[in-house]
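Both counts, for ligands and for their atoms, begin at 1 and track the order of listing.
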Amino acid sequence: MSHETSYHMSPEEFRRWGHAMVDWIAGYQQRVETLPVLSQVKPGDIRASLPAAAPERGEPFSDILADVDRIILPGITHWQSPNFYAFFPSNTSGPSILGEMLSAGLGVQGMLWATSPACTELETHVLDWLVDLLGLPAKFKSNTAGGGVIQDAASSAVLATLLAARERATNFQSNERGADGRLVAYVSTQTHSSVEKAVKIVGLGRQNLRQIEVDEHFALRPDALARQIEADRRAGLTPCFAVATIGTTSSNALDPLPEIGRICRENKIWFHVDGAMAGTAGLCPEFRHMQNGLELADSYAFNPHKWMFTNFDCDCCYVADRAALIKTLSILPEYLRNQATESGAVIDYRDWHVQLGRRFRALKLWFVIRHYGAEGLRHHIRRHVQLAQEFAGWIAADAQFELAAPAPLNLVCFRHRGGDDVNRQLLERLNRSGALYLTHTLLGGRYTLRFCVGQTHTEARHVAQAWHRICATAAEISTAPAKAT
Ligand code: PLP
């Protein structure tokens, strides 16, 4: 083997094993439906199968690949199974995987325009495309004062925008002197925990995070927000950041953006909108009502890595005023100086997020959009929503179940009427069966099951099978409660 002399994998070997790897992935796509969705291993099982020490001598690639099947696969929870309904999806597709492969093959680090112009310019261009495809406000386009950037995840997007909000609220003095403990951020009780984490990291202090109450549909109550802001102002505090969500994690609730946006404008509060999963539904004009009011937002982020057939990680983050973000995050050490940057004619995305280095993520997004076309993407999003709506209809029509929240898109929150214990048992048995995977939340303090349709290959037959399995398992529990779990 050539690595006995150079240790490297030669291009010929790479070609051979690359083909084998693609064959493996294609085979996986064909059989993933037959595998137990939730990994059935116990803690420590995977490590127990691995040698204690790293190999001194390189090993044949055939052995490595064999161990993928033997050791790794049993420890995989199959997010790409059509029977995956848990959390929010993290779906992928052929063109996305190929884009990811090309990104790794090129091995580009795109921190500056100059370190690979195509990495920056393709990203800017694809993000502009998405503004049109999703019907987002034009102020997020790169030919305005705003623009978009790909972040690794929604958590990073909210962290970067909160930093910019902190600076804007303090005339860019917090970067110099540190936060003064008077800045306040607003979320709802249903907002994703990534905002709380960002508040911790940015140094606002968790005591300065206000969790505003929600209405009966789990959407943030603007009247409560306005009252809290007023109280904070009276107490001498400085409201600086508010987050509204399009599609909350627990129940897909849609916060009322126009009212929240107006309150933020009146109070000079940075208004961030989090559309992590549901944002993808903006591809379809009939779902864009959820984006009404987005024109009032200072920033918006959604994750193609959830529902848009683009594998993790890929978050599209838009700002209305890129200068505020760049001023917040820009530091230019001598070793990064270059002519293109000095000319002011280029975007250097290193200034748009926390880390310096960055991958060529736009490739996979570009591949996905070009492969499916807008029409193909819309087709699949509509199909998922329709399947979820059918499922919601079955729940509503069955006397032993109830819907726990409105289901505006592809997430259905429901419960068995038998109470928390029955629902817990139901979830546990369903997931242990390996036939499907769903997760839970608490809504109104009650244990609630979540059924989210968003996996690339989920079809009507899978959802029908899931429903039959849910009904059969519920029947087992109610006829044999003593033997439960
Ligand atoms: N916001 C919402 C509404 C989410 O549901 C999630 C994750 O599910 C996040 C943010 C965090 O996403 P990420 O993993 O991209 O940071």
*What residues, two or more places apart in sequence or in another chain, satisfy side chain to side chain donor-acceptor pair (under 3.5 Å) together with Glu33?*
Arg461, His462
*NZ or CZ of Arg358 within 45° of Trp113 ring axis and under 6.0 Å*: no
Show every donor-acceptor pair shorter than 3.5 Å between a side-chain atom in residues 239-247 and any protein atom, with sequence neighbours excluded, or say none if there are none.
none

Does ligand 1 have any N/O atom under 3.5 Å from a protein N/O, and what are those pairs and their distances?
unit_1	atom_1	unit_2	atom_2	d
ligand 1	1 (N)	Asp274	OD1	3.4
ligand 1	1 (N)	Asp274	OD2	2.5
ligand 1	5 (O)	Thr249	OG1	2.8
ligand 1	8 (O)	Lys306	NZ	3.3
ligand 1	12 (O)	Lys306	NZ	3.3
ligand 1	15 (O)	Ala154	N	2.8
ligand 1	15 (O)	Asn303	ND2	2.9
ligand 1	15 (O)	His305	NE2	3.3
ligand 1	16 (O)	Ala154	N	3.3
ligand 1	16 (O)	Ser155	N	2.9
ligand 1	16 (O)	Ser155	OG	2.5

Exercise answer: donor-acceptor pairs, residues 149-162 side-chain atoms, under 3.5 Å, sequence neighbours excluded:
unit_1	atom_1	unit_2	atom_2	d
Gln151	NE2	Trp352	O	3.2
Asp152	OD1	Ser156	OG	2.4
Thr161	OG1	Ala157	O	2.9
Thr161	OG1	Val158	O	3.2

*Looking at His78 versus Phe84, is the centre-to-centre ring distance below 6.0 Å?*
no
*Modelled atom types, side-chain donor and acceptor of Asp421 and Gln425, under 3.5 Å*: no
